[in-house]
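These notes are about the structure you will find just below.
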Amino acid sequence: MKKFYITTPLYYVNDQPHIGHAYTTILADVLARYHRSLGEDVYFLTGTDEHGQKIQHAAEKRGVDPQQHADEYVLHFTSMWEKLHIKYDGFIRTTEKRHTDRVKDVLNDFYERGEFYMAEYEGLYSVSEERFVTEKEVEEGGFREVIQLKEKNYFFKMSKYQDALIRHIKENPDFIIPSSRQNEILGFLKKPLGDLCISRPKSRLKWGIELPFDKEYVTYVWFDALLNYITAIEWKTDEACFNKWWPVDLQLMGKDIITTHAVYWTTMLMALGLPLPKSILAHGWWLSGGSKMSKSLGNVVRPLDLIDEYGVDPVRYFLMRDMVLGLDSTFTMDAFIRRYNSDLANDFGNLINRVTILIKKNFDGKIPEPGEFNLTDKELIDEAGRIPAEIHLLIDALKLSDAIETTTSLFRKLNVYLEKKAPWKAVKEDRSPKSSAATTMYVSANVLLIGARLLSPVMPSRIKDILSLLGSTSDNQAGYDFGLLTPGTIVGESRSPFPRIILDD
RNA sequence: GGCGGCGUAGCUCAGUAGGUUAGAGCAGUGGAAUCAUAAUCCACGUGUCCGGGGUUCGAAUCCCUGCGCCGCUACCA
């Protein structure tokens with residue numbers, strides 16, 4: 001059986017989840033569901049990153065200890081995922097023993113094999129921010145109490161993997177997606193790669209995994225967190241499990257942390273002697289009014305607010321449909337409502353009503369027995385037969401937006417088909433089994449079923465209702481073949497799954 | 001500063017081996033229909049493919065250049 005291992009980054013628990021977290025996680029969920037629907041064995045991993053300066057800081061601010069802070073904040077994420085209908089297979093927290101023990105193994109291993117060395121680093125340090133800053137950052141301002149600081153730390157010999165990394169990226173065009181990011185990383189790697197500082201002295205940061213070979217230091221949070229992708233699947237503790245899932249098929253992240261993954265994570269894996277991820281994907285940001293959403297700008301769109309108002313599935317649909325892979329996208333209520341009304345209310349929802357009501361009124365609510373298919377029937381049936389394969393190609397190419405648009409086009413074709421065959425007229429002539437009207441409704445319901453099932457990964461909850469409305473009972477029955485709804489299948493009462501949004505202004 | 005990318009209909013975007021009248025969805029206008037959520041269907045775009053130059057029989061697609069926008073530029077997540 002084909003496997004599919006997909007990950008989101010581990011989210012930092014210093015703040016509440018926002019639309020960026022939600023987007024990445026929904027994207028992972030949708031892809032995971034698509035792959036499950038193809039019968040693949042899927043492992044979808046997400047979790048939280050709980051060490052480091054910012055957590056310590058956030059905890060201090062609230063007057064609690066860091067672990068308690070993390071324990072509370074992780075719930076914001078898990079409850080958000082529940083509300084967004086995220087069906088993950090694994091959830092890992094970097095403060096769990098199964099993770100910290102393995103991180104220590106790696107640290108020891110690297111230490112013993114000479115992947116680390118100690119060196120003194122001297123640079124500009126902001127006492128107020130408690131971190132080193134670059135000259136550029138200082139020039140841009142915003143940092144107070146900047147001093148020159150010398151500090152001894154451990155470094156990972158990342159630089160020695162530079163050539164291997166460049167070669168791997170060039171030889172594997174799917175390694176970094178989209179290609180614009182790949183160019184960026186390659187451009188970045190034209191300059192000599194430095195080594196990575198992987199420790200922090202306890203004198204200025206206590207909240208982290210202690211270096212097993214030097215109790216004066218904790219581990220740099222990224223070095224710790226990135227390892228979750230292998231610790232969560234039982235690296236070193238369950239070989240069969242690890243070998244089943246590794247290497248990971250797809251790692252999702254926002255464009256802001258692509259370098260961390262493409263360079264740090266990748267070279268860490270090289271040092272570990274493990275195969276590299278098949279693909280890492282950097283997606284864009286959701287903007288609001290042309291700017292990145294930020295609390296200081298006061299333009300944050302809270303996913304939960306939208307969900308409360310319009311439901312989870314329309315929000316998932318919008319986020320998947322309106323962002324083009326790799327590009328930033330602007331979120332506006334206007335765009336959301338336009339998309340909802342045109343695609344979900346007008347095309348899809350109205351079609352569900354059309355079909356079910358016609359069957360209800362004219363065929364006692366049962367899928368009628370079809371007669372011989374004429375050219376018009378055949379054209380639509382052929383189309384419905386072609387589209388699933390087309391969509392699977394688009395999904396493989398990670399073109400979610402196009403895949404959804406393709407499904408919508410099937411609904412539009414079904415609407416055209418109905419206009420052509422006008423069953424509401426034909427039924428006046430003949431409504432007996434195998435009549436033109438009977439055939440039309442049989443074909444319509446079955447094509448609608450295919451289209452609905454193609455959207456199931458995007459809108460699992462509403463589609464489940466729609467499928468049962470159409471008389472499709474089991475959750476994941478065989479493929480996307482035409483004709484699963486056999487004559488006699490009872491069609492339910494439509495409750496307009498996507499009521500049109502009308503704004504009063 | 002260095003490296004890289006982008007600029008296609010009102011809006012969001014396709015258009016990667018240069019080739020007949022440049023496409024889709026949405027929005028807009030007119031019409032048809034009335035089974036359906038005032039939903040649906042049909043028809044309608046004189047778009048300088050950012051400007052300029054060049055290569056070519058022929059360029060949105062290649063090269064140069066000007067303007068505008070953006071990304072990356074290690075120890076910030």
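By convention in this document, chain letters (A, B, ...) are assigned in the order of the sequence lines, proteins followed by strands, and residues within each chain are numbered from 1.
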statement: Note: for A:I185 and A:N415 on RNA chain B, the residue whose nearest nucleotide lies more 5' is A:N415
- prompt: Which value, in whole Å, describes the distance between the C1' atoms of nucleotides B:rU16 and B:rG54?
  reply: 23 Å
field: Residue-phosphate contact under 4.0 Å: A:W222 side-chain N/O, B:rA77 OP1/OP2
entry: yes
- prompt: Of all the choices, B:rC41, B:rC13, B:rU37, which nucleotide is nearest to the side chain of A:E419 once you look at every atom?
  reply: B:rC41
task: Let me know the distance between CD of A:E390 and C1' of B:rA14, rounded to the nearest Å.
output: 14 Å
field: Distance, P atom - from B:rC69 to B:rC63, rounded to whole angstrom
entry: 23 Å
message: Less than 4.0 angstrom from a charged side-chain N to a carboxylate O is my criterion; do A:K160 and A:E115 meet it?
response: yes
- prompt: Counting side-chain heavy atoms from C-beta on, which of B:rA77, B:rA36, B:rG4 comes nearest to A:N183?
  reply: B:rG4
task: Please state how far atom CH2 in A:W265 lies from atom P in B:rC75, giving the value in whole angstrom units.
output: 21 Å
field: Residue matched to B:rA38 through Watson-Crick or wobble contacts both under 3.5 angstrom
entry: none
query: Quick one: which of B:rA77, B:rG71, B:rA39 gets closest to the side chain of A:V221?
result: B:rA77
task: Please work out if A:L186 contacts a base, only the sugar-phosphate, or nothing of the nucleic acid, heavy-atom cut-off 4.0 Å.
output: nothing
- request: Please give the nucleotide sitting opposite B:rG45 as a Watson-Crick or G-U wobble pair, both distances under 3.5 Å, or none.
  value: none
task: Provide the Watson-Crick or G-U wobble partner of B:rG68, both distances under 3.5 Å; none if there is no partner.
output: B:rC6
query: Among B:rC35, B:rA77, B:rU73, which is the nearest nucleotide to the side chain of A:K54?
result: B:rA77
field: Atom CD of A:Q67: over 12 foreign heavy atoms under 6.0 Å
entry: yes
message: Which nucleotide wins on minimum distance to the side chain of A:F188, given the candidates B:rA39, B:rC35, B:rC72?
response: B:rC72
message: Distance check, P atoms only: B:rG25 and B:rC44, in whole angstrom units.
response: 12 Å
task: Output the distance between atom CD1 (A:I177) and atom CD1 (A:I280), rounded to the nearest 0.5 Å.
output: 9.0 Å
Pairing partner of B:rC57 (Watson-Crick or G-U wobble, both distances under 3.5 Å): B:rG19
message: Please report the distance, rounded to the nearest Å, between CZ in A:R181 and P in B:rC6.
response: 13 Å
- request: Starting from the 5' end of RNA chain B, give me the residue, A:L327 or A:K413, whose nearest nucleotide shows up first.
  value: A:L327
query: More than 12 heavy atoms of other residues, nucleotides or ligands under 6.0 Å from NZ of A:K366: is that the case?
result: no
- request: Please measure how far the C1' atom in B:rC72 lies from the corresponding atom in B:rC11, and state the result in whole Å.
  value: 29 Å
query: What is the pairing partner of B:rG1, taking Watson-Crick or G-U wobble pairs with both distances under 3.5 Å in any strand?
result: B:rU73
- line: Quick note, A:I257 side chain, CB onward, closest among B:rC13, B:rA36, B:rA77 is B:rA77
message: Tell me if the centroids of the rings in A:W81 and A:F91 come within less than 6.0 Å of each other.
response: no
- prompt: Base, sugar-phosphate, or nothing for A:R200, non-hydrogen atoms under 4.0 angstrom?
  reply: sugar-phosphate
- prompt: Does A:F318 have its ring centroid less than 6.0 Å away from the ring centroid of A:Y310?
  reply: no
query: Is a side-chain N or O of A:D313 found less than 3.5 angstrom from the main chain of A:R462, in a donor-acceptor match?
result: yes
message: Is there, by distance only and without an angle test, a donor paired with an acceptor across the side chain of A:N346 and the base of B:rA39 below 3.5 Å?
response: no
query: Distance between the C1' atoms of B:rC67 and B:rA22, in whole angstroms?
result: 25 Å
task: Would you indicate, yes or no, if B:rA77 has its OP1 or OP2 atom less than 4.0 angstrom from a side-chain nitrogen or oxygen of A:Y220?
output: yes
message: Less than 6.0 angstrom separating the ring centers of A:Y154 and A:F213, yes or no?
response: yes
message: Students often get this wrong, so: under 4.0 angstrom with heavy atoms, is A:P192 touching a base, only sugar-phosphate, or nothing?
response: base
- prompt: Can you check the A:H261 NE2 to B:rC72 C1' distance for me, whole Å?
  reply: 18 Å
message: Let's see if you can work this out: which of B:rU37, B:rC72, B:rC35 has an atom nearest to the side-chain heavy atoms of A:L358?
response: B:rC35
- request: Counting heavy atoms from C-beta on, name the nucleotide in B:rU37, B:rC41, B:rG71 closest to the side chain of A:N353.
  value: B:rU37
task: Find the distance A:D328:CG to B:rG5:P and express it as a whole number of Å.
output: 18 Å
field: Between C1' of B:rC75 and NZ of A:K157, the distance in whole Å
entry: 18 Å
task: Measure from the side chain of A:K361, starting at C-beta and using heavy atoms only, and say which of B:rA36, B:rC75, B:rA14 lies closest.
output: B:rA36
query: Expressed in whole Å, how much space separates the C1' atoms belonging to B:rC41 and B:rU48?
result: 35 Å
message: Given B:rC35, B:rG25, B:rU40, identify the nucleotide with an atom nearest to the side chain of A:R412.
response: B:rG25
task: Could you work out the separation of B:rC50 and B:rA60 based on their C1' atoms and round it to a whole Å?
output: 12 Å
- request: Would you classify A:K255 as touching base, sugar-phosphate or nothing, given that sugar-phosphate means primed atoms plus P, OP1 and OP2, and contacts are heavy atoms under 4.0 Å?
  value: nothing
query: Nearest-Å distance, CG (A:L448) to P (B:rA39)?
result: 20 Å
query: Heavy atoms under 4.0 Å, any strand shown: does A:Y264 hit a base, just sugar-phosphate, or nothing?
result: sugar-phosphate
query: B:rA36 P sits how many Å from A:L344 CG, rounded?
result: 21 Å
- request: For the residue pair A:F223 and A:F156, categorise the inter-ring angle as parallel (less than 30°), tilted (30 to 60°) or perpendicular (more than 60°).
  value: perpendicular
message: Distance criterion of 3.5 Å, no angle test: do you see the side chain of A:R354 paired donor-to-acceptor with the base of B:rC35?
response: yes
- request: Searching all strands shown, indicate the nucleotide that pairs with B:rA27 (Watson-Crick or G-U wobble; both distances under 3.5 Å).
  value: none
Pairwise P distance, B:rG52 and B:rC13 [rounded to whole Å]: 25 Å
query: Touch check for A:R500, heavy atoms < 4.0 angstrom, all strands: base, sugar-phosphate only, or nothing?
result: base
